[in-house]
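Accompanying notes for the structure given below.
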Amino acid sequence: MNKITSSISTDMNALLADQKKAFNQTPFPSLSSRRSDLKKLKNTILKYRDDCISAASEDFGHRSRYDTEMQDLMHVILGINHMSRKLARWMRPERRTVNWWNLPARARIQYQPLGVVGIMSPWNYPFTMALLPLATALAAGNRAIIKPSEFTPASSALIQQIVEEIFPREKVAVVTGDAKVGAAFSSLPFDHLFFTGSTAVGKKIMENAAKNLVPVTLELGGKSPAIIGSDVDMAEVASSIVFGRLSNGGQACIAPDYVLVHRDKRDEFVTLVRDAITLSFPKGTADPTYTSVATPGHFDRVTNLVEDARSKGADIIQIDPKGKAQSNKRAYPATVLLNVTDDMAVTQEEIFGPLLPVLTYDSFDDAISYVVDRPRPLALYFFGKTASERDRVLTQTHSGGAAINDTMYQYVQKALPFGGIGPSGIGAYHGIEGFKTMSNAKAVFYQSRLSGTWLARPPYGKVADVLISVLIR
């Protein structure tokens with residue numbers, strides 16, 4: 001660790017110590033205090049709404065206003081509204097039963113704030129991936145330090161401005177910097193660490209956190225499949241998959257990463273995908289609602305995925321009506337890839353760009369097996385009217401979440417948990433699951449004055465023998 005990074009690490013340790021000290025002075029914020037924090041956060045985000053749109057577009061080169069408002073800011077606002085409405089019920093102690101021989105004692109779960117939560121957010125949705133975990137941490141009564149992505153500097157600076165306008169540093173703070181700062185951040189002794197990003201980086205984050213036994217929530221990604229069943233409205237399927245694949249320029253962790261369609265229906269599907277893309281973005285990459293690839297490095301990676309597939313025999317179909325007029329050089333055209341094989345990088349890596357590999361199957365068993373034989377994804381999509389096919393997909397495959405006959409919408413349901421499984425993540429948030437993730441479920445036993453538990457205490461004798469014979473059988 002060089003002197004600069006060491007100094008930054010020292011500063012972050014001091015900030016964490018200040019927050020922990022402040023937390024210990026108010027270890028259980030009231031309902032009104034938590035709701036007040038959420039309201040201030042919501043109102044300040046709305047105040048800077050136009051600035052968020054501008055900052056995100058500056059970072060991406062060009063980002064559709066709709067991608068920023070509908071897929072980034074809206075999720076934070078809806079999440080805050082949901083938490084504010086439900087918080088009183090979530091905070092109440094939860095009754096649990098007691099063993100019959102302990103009656104009339106009582107048992108409760110008390111959800112207690114953890115302390116200080118570290119939040120590491122990615123570049124693809126810079127606002128929701130930083131501010132929704134923050135809102136969740138505040139709803140659970142915690143303090144927080146955010147480390148936003150260095151790849152979206154304008155958005156990260158605005159997040160810092162929003163936070164500093166509302167909260168003192170001993171309650172919520174933002175630290176910025178590159179990957180070295182991120183590594184030092186993930187090594188701090190937080191009470192919980194929340195990370196959203198790639199599986200490869202997630203492994204390093206978990207390794208760093210383990211040094212201090214810091215529990216982690218890892219929201220990762222993976223290759224999320226879309227399976228098209230035997231009985232579908234193919235035009236509607238194509239429209240839904242195009243929406244999921246091209247939203248935010250294809251840079252979404254739950255975007256469908258590839259399609260599995262019956263061999264006999266592939267060409268029909270591809271034709272309808274072309275139609276759906278043309279309808280959605282009539283000016284192609286020049287369309288003002290078409291979002292660019294966020295950084296030059298990511299643009300080069302998407303380009304290399306296509307060229308690697310092309311060199312290994314894939315058929316490449318680029319769909320860019322009137323797109324030659326685009327002014328932004330990082331607006332990569334929507335691209336369908338056919339005849340892809342397992343040795344191509346596009347079938348191995350999470351895409352994060354406007355590319356759609358279309359694979360075929362001969363039997364539904366083949367489609368199921370293809371998904372099951374690969375790492376468990378963050379999302380899975382099934383399209384079909386046949387209940388037996390739908391039920392097989394839901395029971396025989398594993399994924400963090402799933403949607404039937406649409407894409408992406410499992411994420412926006414604030415009462416549903418969002419998280420991965422295996423290599424696509426650990427833990428979940430959104431709704432009550434998020435509140436519980438950032439709380440300690442403290443088990444509390446209330447003994448009664450009428451208790452007979454003395455019967456199970458030494459000195460042991462015949463009464464204890466009777467109890468054993470009754471209870472152990």
Side-chain angles (χ1 to χ4, degrees), residues 1-17 19-20 114-126 129-130 133-134 136-137 142-152 156 173-224 253-254 297-298 301 345 348-350 352 374-378 398-400 417-429 433-434 436-440:
M1 184 181 294
N2 60 40
K3 290 183 179 180
I4 295 175
T5 305
S6 177
S7 175
I8 293 171
S9 180
T10 300
D11 292 343
M12 289 191 297
N13 269 290
L15 174 60
L16 176 59
Q19 287 209 358
K20 287 194 172 188
L114 293 172
V116 181
V117 176
I119 299 168
M120 303 183 71
S121 59
W123 52 267
N124 60 323
Y125 289 101
M129 295 300 181
L134 170 61
T136 306
N142 299 291
R143 294 167 188 258
I145 306 175
I146 305 171
K147 164 60 179 75
S149 174
E150 67 272 23
F151 292 118
T152 48
S156 296
V174 176
V175 298
T176 58
D178 59 12
K180 291 181 180 179
V181 175
F185 186 88
S186 64
S187 299
L188 295 174
F190 290 108
D191 297 295
H192 193 91
L193 182 60
F194 190 101
F195 170 81
T196 305
S198 71
T199 301
V201 177
K203 293 178 181 179
K204 297 177 182 178
I205 298 300
M206 191 172 185
E207 181 180 357
N208 290 341
K211 297 171 185 175
N212 291 304
L213 295 179
V214 175
V216 296
T217 298
L218 303 179
E219 300 295 348
L220 308 177
K223 305 288 290 179
S224 296
C253 57
I254 57 171
H298 288 97
R301 188 186 60 80
Q348 300 169 12
E349 301 177 16
E350 189 173 6
F352 262 75
R374 282 155 179 78
R376 294 172 172 179
L378 183 59
H398 286 79
S399 59
F418 176 73
I421 180 173
S424 62
I426 297 172
Y429 74 124
E433 280 76 17
K436 290 182 176 181
T437 289
M438 297 197 187
S439 301
N440 172 42

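Throughout, residue positions are numbered sequentially from 1 according to the sequence presented.
- At least one donor-acceptor pair under 3.5 Å links the side chain of Asp178 to the backbone N or O of Val181.
- Taking the six-membered ring where the residue is Trp, His298 and Trp123 present tilted rings, their angle falling between 30° and 60°.
- Across all non-hydrogen atoms, the minimal contact from Asp191 to Gly115 is OD2-CA, 3.4 Å.
- Atom CD in Glu219 sits 10.0 Å away from atom CD1 in Ile426 (nearest 0.5 Å).
- For the atom pair CZ (Arg376) and CD1 (Ile421), the distance works out to 4.5 Å, reported to the nearest 0.5 Å.
- Shown here for Leu220 and Leu378, the closest heavy-atom pair between the two residues is O-CD2, 3.5 Å.
- Put simply, the side chain of Ile205 reaches to within 4.5 Å of the side chain of Leu193, judged on heavy atoms.
- A search for side chain to side chain donor-acceptor pair (under 3.5 Å) contacts involving Thr217 returns His192, not counting sequence neighbours.
- Within the model, atoms NZ of Lys203 and OG of Ser198 stand 9.5 Å from one another, a figure rounded to the nearest 0.5 Å.
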Stepwise side-chain contact (heavy atoms from CB on, under 4.5 Å) check, Phe418 with Ile254
CA-CA 10 Å; Phe418 176 73; Ile254 57 171; 3.6 Å; yes
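- Every residue meeting the side chain to side chain donor-acceptor pair (under 3.5 Å) condition with Asn440, not counting sequence neighbours, appears here in chain and number order: Gln112.
- At least one side-chain heavy atom of Pro148 sits less than 4.5 Å from a side-chain heavy atom of Thr176.
- Looking only at side-chain heavy atoms (C-beta outward), Phe190 and Asn212 stay at 4.5 Å or farther from each other.
- Within the model, atoms CD of Glu350 and OG of Ser424 stand 9.5 Å from one another, a figure rounded to the nearest 0.5 Å.
- Rounded to the nearest 0.5 Å, atoms CG (Leu218) and CE (Met206) are 6.0 Å apart.
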Passes side-chain contact (heavy atoms from CB on, under 4.5 Å), Met12 versus Lys147? Steps please.
CA-CA 11 Å; Met12 289 191 297; Lys147 164 60 179 75; over 6 Å; no
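- For Ser156, there are no side chain to side chain donor-acceptor pair (under 3.5 Å) partners two or more places apart in sequence or in a different chain.
- Between Pro377 and Ser224 the shortest heavy-atom distance is CB-CA, 3.8 Å.
- A distance of 15.0 Å separates CE of Met120 from CE of Met129, quoted to the nearest 0.5 Å.
- In this structure the side chain of Leu188 reaches within 4.5 angstrom of the side chain of Asn13, judged on heavy atoms.
- Residues Leu16 and Pro189 come closest through the heavy atom pair CD2-CD, 3.6 Å.
- Within a 6.0 Å sphere centred on NZ of Lys20, heavy atoms belonging to other residues, nucleotides or ligands number more than 12.
- Side-chain contact check for Phe194 versus Thr136: every heavy-atom pair is 4.5 Å or farther apart.
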